[in-house]
Amino acid sequence: MSKSVYDFKVIEKKWSGVFSSYCISNSQIINNAEKKYYVLEMLPYPSGKLHMGHIRNYTIGDVLARYKAMAGFSVIHPMGWDSFGMPAENAALKSGGHPRIWTEFNIETMKEQLKTFGFMYDWPREISTCSRAYYAQEQKLFLDLLKRGLIYRKKAYVNWDPVDNTVLANEQVIDGRGWRSGAIIEKKLLEQWFVRITDYAEDLLSGLKDYEGNWPDKVLKMQENWIGRSEGATINFKITDSDDVIPIYTTRPDTLFGASFVAISPDHEISLKLAKNNSEITNFLSECKKIATNEEALAKAEKEGFKTHLEVDHFLVPGKTLPVYIANFVLIDYGTGAIFGCPAHDDRDFAFATKYNLPILQIIKPTEGGTELPYAGDGILVNSGFFDGLTTQEAKAAMIDHIEKIGIGTRQVNYKLRDWLISRQRYWGCPIPIIHCPKCGMVPSELTIFLPDDIEIDGSGNPLEKHPTWKHVKCLRCGGDALRDTDTLDTFFESSWYYLRYLCPDFDDPIEKEIESAAMPVDICIGGIEHAVLHLLYARFFMLALRDMGYVKAKIPFVKILAQGMVYHKSYKNSEGEWIQPDEIETSPDGKMFDKSGKEVFEFSMEKMSKSKKNTINPQSIIESYGVDAARLFIVSDSPPEKDFDWNTDALEGSWRFLNRVWKTFNEIFGEDSKASGNEKSLIKTTHVALKKIANSYETVSLNKSVAFIREFFNAIEDGLTSESIESLRFAFKNFIKAISPITPHICHEMWKATGETPSILQESAWPEISEALATVNEITIAVQVNGKLRGTFETEKGTDETALIQRAREILGSYIDESTIKKIVAVKDRVVNVVCQ
RNA sequence: GCCCCUGUGGCGGAAUCGGUAGACGCAGCAGACUCAAAAUCUGCCAUCCGUCAGGAUGUGGGAGUUCGAGUCUCCCCGGGGGCACCA
């Protein structure tokens, strides 16, 4: 029998090995496909050590996986490593080592840590995206996507990160800066590899409805905005006295009568052509370039324009022409790179027209309100010839019809979404399996193309490009001298399909259909909100594309997304404004705080745990003081998983105290010196009621509520120690062990084993049967109100009819009310009696 | 500028359908045990008045719907996030 002191160190060490050897096989999943449950935590980058954010993420996932297994599901719960990427190269540059060695070492360390925390992962499914086995399959996918036309190469203005020395995808540019380096992004015209994600723009947009209610609304909204669908028309404006046209995309064809100028982007082909023999224009274009790279000023930048000698005909007003400007605010990569300006009904056009003295003609009368210009809302058309009197909505449709009828333009749908730039000028990534032959062009290379190990990383450009021999090959088609592509893939390419590879980590092709169709989609994916557009959009695209290519049956990657909140902690700054680590603070007798150098220290604010703010808590030190179970319990206790939460060592200690109480009570109920001597049995009903509530809160992943109900249940057991019979106590406590075991598995397994129950693993269909009859509360409390205010309560049997309720309410209220003032009495079965008085 | 989310005790947070606001925990206070402290246990703990009984107020503010509003509708204020020259 167990010792009387809860020795978490011994217990946790004993059970962690058992948990890490648990994995359900593919054949089990396939045979039980209708009861499978796939729990996925976004795979970590192996940066060195687990931080609290990881621990929170994985604890939530593990609790869910364990609960679902107990509830009878074949649970798939894999873990792996997003192990390609920049930090490994930067570390190698700093220390002189090799990215592979650094990465593999980190993986080993972090894997050990994961096991320490008792996370029950399917280790046989483990993958590392930098392994040859993984990227060999990825290269096959690349070539298939290429064959299908979903990957292509083009020359385009791309985002260049001058610090990381590589190009980036649009999704990786945040506020004009590189998402990792923070460097201000430059626009460069380069030939790069792209994924034709825009082919799926409409599917990605309309598919969002499949996720309603399961993905956070915020994520759906962000993706919708990112895809950015708009409806309008492309109109070809004829250049006056020429046969050439300038195509213009607009969503406001209703405002055409108010047009007073046309503006084209500085990067527009006409601008470039005009610049060729005009130094003024050349200068203007280079001025625009400067502003464009000038960070946030971009948004506030003054509208600048250069008036060309060109004009276009206004096709609606015979004889009228519009001047053509080159303008700094017109984007080359949206629409056609050219706009028409209607100053009266657009803020920017208004500012531009005012600056350059262009006519401002109001053609929309607001249905109500003032007449101040610019006015961008809806209204009734005026000064618009045969369109006068139409609403803006009617006018849009009518104008497009007209444009199509006279053959100068067409209805058009446009998207903000751009193709995904996937090539990176870096070493530590999946090599692009392509050979460039001067005679044959692009030729798929032999598979697999491995990264060379003998590289030199010195921070100056792409190590693959500089490698003396690697890129020099013979063309597979003509046998002549050719060059390998030296770019590697964006690491988001790896993380777009890893969840499929977990299902068949050793399979000879990327995806094994049989297990995919049984196991996919992932039932819940848990990770940070920062991937709302990046990873979650790419993964959706991959599933759609792989489905069309016959690789997968499922059409969505993740049924449910849980975006877990961040971990916050107190932070400190000294009088100089430097961040100070809490353990370097000394407190003087009068309560003032000082750092090592004697500067006064102040509590700053709650900040996201980060090394730079010196407010991290090392998970390892926590489990040494309080144990894994206490840490896991604390992490899911107070805050709902999707909300940010504040690290609170006091509350952690509270969790630890709770487990001590549990251990003590366990010994009192199951120990030889058990003091239980009562003969009541009310805990049996309490147990069923509690189990039902707890199961519901696990199902909805409201883990903070699970903990609250579990503690409530335990308090009831403690209260019954002297009054309840030993059978009743033991029944309740065994079920209590089951109820809390997803959260605190180590102590639970220890106690469970000591009760002599089998099977010893709680996770196989172990969730207790709940008796509906017992789980229903029959004795309920009815509120008695007068004019909606509570005046008393009484107990009654569930289902008591209204007449009886009113009867009881009258007795309770007694002389409190004057009968003659009663206007009416509202009684609601099982809830309330409200006496309405004058 | 546009879009979205959010506002409940000292703090984290509960509150299926509109039906007893504050479950569960943290912090705090008081008591028991102890020479003492820690640990543990017991009790209290929205605010105001009251010794108690009890009463009044109370879910950011204001209005509305309702017998009854934290929950529904409208307006305003605060906090957080996303997008941002997208034609």
Side-chain angles (χ1 to χ4, degrees), chain A residues 174-176 216-226 228-230 232 248-253 255 262-263 265 291-292 296 298-303 327-331 333-342 346-349 351-352 376 414-418 529 532-533 568 633-634 637-640 643-655 657-658 660-661 664 693 696-697 700 702 704-715 718 780-794 823-837:
Chain A
I174 315 288
D175 289 335
D217 290 344
K218 193 177 163 177
V219 171
L220 298 180
K221 206 77 209 171
M222 280 166 77
Q223 293 210 356
E224 189 187 321
N225 291 338
W226 190 262
R229 183 184 202 272
S230 67
I248 287 175
Y249 173 73
T250 179
T251 56
R252 293 296 303 270
T255 64
V262 160
S265 165
I291 294 165
E296 293 107 19
L298 194 138
K300 296 170 204 128
E302 183 84 1
K303 312 276 171 276
N328 64 348
F329 64 93
V330 181
L331 305 173
D333 50 3
Y334 183 78
T336 59
I339 63 160
F340 76 82
C342 175
D346 181 279
D347 293 347
R348 269 172 334 206
D349 297 347
F352 193 81
N414 228 327
Y415 300 91
K416 286 197 229 173
L417 182 72
R418 310 288 148 71
I529 190 78
V533 273
Y568 280 65
L633 176 59
F634 162 66
S637 277
D638 284 348
S639 297
K643 287 191 78 167
D644 292 341
F645 95 123
D646 297 334
W647 184 265
N648 176 349
T649 304
D650 283 330
L652 167 65
E653 200 170 310
S655 296
R657 280 200 302 265
F658 177 73
N660 276 291
R661 263 166 68 203
K664 202 175 115 196
K693 282 165 81 176
N696 280 343
S697 55
T700 56
S702 310
N704 55 322
K705 278 158 70 180
S706 309
V707 173
F709 298 146
I710 285 166
R711 294 185 84 131
E712 215 171 34
F713 181 24
F714 180 76
N715 289 345
E718 261 188 346
I780 52 169
T781 311
I782 302 292
V784 181
Q785 301 174 333
V786 176
N787 289 336
K789 291 198 176 180
L790 186 70
R791 288 293 174 246
T793 60
F794 64 87
K823 265 169 69 183
K824 70 170 171 174
I825 300 179
V826 181
V828 181
K829 203 180 259 186
D830 298 340
R831 296 209 184 273
V832 75
V833 177
N834 189 14
V835 181
V836 187
C837 297

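Quick caveat: nothing in here was measured; it's all calculated off a predicted structure. In what follows, every chain begins at residue 1, and chains take the letters A, B, ... in the order their sequences are listed.
Distances from the side chain of A:D646 to the nucleotides B:G12, B:A14, B:A87 place B:G12 closest. Looking at the side chain of A:W226, the nearest of the listed nucleotides B:C24, B:G19, B:C83 is B:C83. Of the candidates B:G12, B:A23, B:C83, the closest approach to any side-chain atom of A:K416 belongs to B:C83. Nearest to the side-chain atoms of A:K824 among the listed nucleotides B:A23, B:C67, B:A21 stands B:C67. In this structure, the nucleotide among B:A27, B:G13, B:A14 sitting nearest to the side chain of A:K705 is B:A14. Of the candidate nucleotides B:A87, B:A14, B:G25, B:A14 has the atom lying nearest to any side-chain atom of A:P640. In this structure, of B:A14, B:G82, B:C26, it is B:C26 that holds the atom nearest to the side chain of A:N648. Checked against B:C17, B:A14, B:G25, the side chain of A:R831 finds its nearest nucleotide in B:C17. Between B:G13, B:C24, B:C3, one nucleotide has an atom nearer to the side chain of A:N225 than all others, and that is B:C3.
For the pair A:K664 NZ and B:U40 P, the computed distance is 9 Å after rounding to whole Å. The interatomic distance linking A:E224 (CD) with B:G81 (P) rounds to 22 Å, in whole Å. Following rounding to the nearest Å, A:K643 (NZ) and B:C11 (P) show an atom-to-atom distance of 13 Å. Atoms CH2 (A:W647) and P (B:C11) sit 22 Å apart, rounded to a whole Å. Rounded to a whole Å, the CZ atom of A:F713 is 20 Å from the C1' atom of B:A14.
Between B:G7 and B:G22, the distance separating the two C1' atoms is 16 Å to the nearest Å. The same atom, C1', is picked in B:C26 and in B:G62; the two are 35 Å apart, to the nearest Å. Of the C1' atoms belonging to B:C29 and B:G9, the separation is 16 Å, rounded to the nearest Å. Here the separation of B:A32 from B:A38, taken at their P atoms, is 14 Å to the nearest Å. Going from the P atom of B:C5 to that of B:C74 covers 13 Å, rounded to whole Å. Taking the C1' atom of each, B:U66 and B:U73 are spaced 12 Å apart, rounded to whole Å. Going from the C1' atom of B:C41 to that of B:C33 covers 8 Å, rounded to whole Å. As rounded to the nearest Å, B:A69 and B:G18 have P atoms that lie 13 Å from one another.
Both A:G337 and A:V826 lie near RNA chain B, and the one whose nearest nucleotide falls closer to the 5' end is A:V826. Positionally, the nearest nucleotide of RNA chain B for A:K218 lies more toward the 5' end than for the other of A:K218 and A:T251.
Counting any heavy atom pair closer than 4.0 Å across all strands shown, A:V330 reaches a base atom. Using a 4.0 Å heavy-atom criterion, one finds that A:T793 contacts the bases of the nucleic acid, with or without backbone contacts as well. Using a 4.0 Å heavy-atom criterion, one finds that A:Q785 contacts the bases of the nucleic acid, with or without backbone contacts as well. Heavy atoms of A:R229 sit nowhere under 4.0 angstrom from any nucleic acid atom. In this structure, A:V828 reaches the bases: a heavy-atom distance under 4.0 Å links it to at least one base atom across the strands shown. Within 4.0 Å of A:N787, counting heavy atoms only, lies no atom of the nucleic acid at all. Backbone-only contact: A:G654 has heavy atoms under 4.0 Å from sugar-phosphate atoms and none from a base. The residue A:K789 sits close only to the backbone: its heavy atoms come under 4.0 Å of sugar-phosphate atoms, none of a base.
Distances shorter than 4.0 Å separate none of the side-chain N or O atoms of A:Y249 from OP1 or OP2 on B:A87. The phosphate of B:A23 (OP1 or OP2) has no side-chain N or O of A:N704 nearer than 4.0 angstrom. At least one side-chain nitrogen or oxygen of A:R657 sits closer than 4.0 Å to the OP1 or OP2 atom of B:C26.
A:D349 is listed as a side-chain neighbour of A:I339, based on a closest heavy-atom distance under 4.5 Å. In this structure the side chain of A:D638 never reaches within 4.5 angstrom of the side chain of A:F645, judged on heavy atoms. Counting only heavy atoms from C-beta outward, the side chains of A:W647 and A:F634 approach each other to under 4.5 Å. Proximity of A:V836 to A:I825: side-chain heavy atoms (C-beta onward) are nowhere separated by under 4.5 Å.
Under the 90° criterion around 0 for the glycosidic angle, B:C24 counts as anti. Because its glycosidic torsion is within 90° of 0, B:G9 is reported here as syn.
Remark: the A:T781 side chain and the B:U20 base include a donor-acceptor N/O pair separated by less than 3.5 Å. Scanning atom types as modelled, one donor and one acceptor separated by under 3.5 angstrom connect the side chain of A:N834 and the base of B:C67. No hydrogens or angles were tested; on distance alone, nothing pairs the side chain of A:R661 with the base of B:C41 as donor and acceptor under 3.5 Å.
A:F352 and A:F329 have perpendicular rings, their planes meeting at more than 60° on a 0 to 90° scale where under 30° would count as parallel.
Pair assignment for B:A27: none, as no Watson-Crick or G-U wobble contacts are both less than 3.5 Å.
No donor-acceptor contact under 3.5 angstrom links the side chains of A:Y568 and A:S639, judged on distance only.
Looking only at distances, no side-chain donor or acceptor of A:R661 sits under 3.5 Å from a matching main-chain atom of A:E718.
Once rounded to the nearest 0.5 Å, the distance linking NZ of A:K829 with CD1 of A:I780 reads 10.5 Å.
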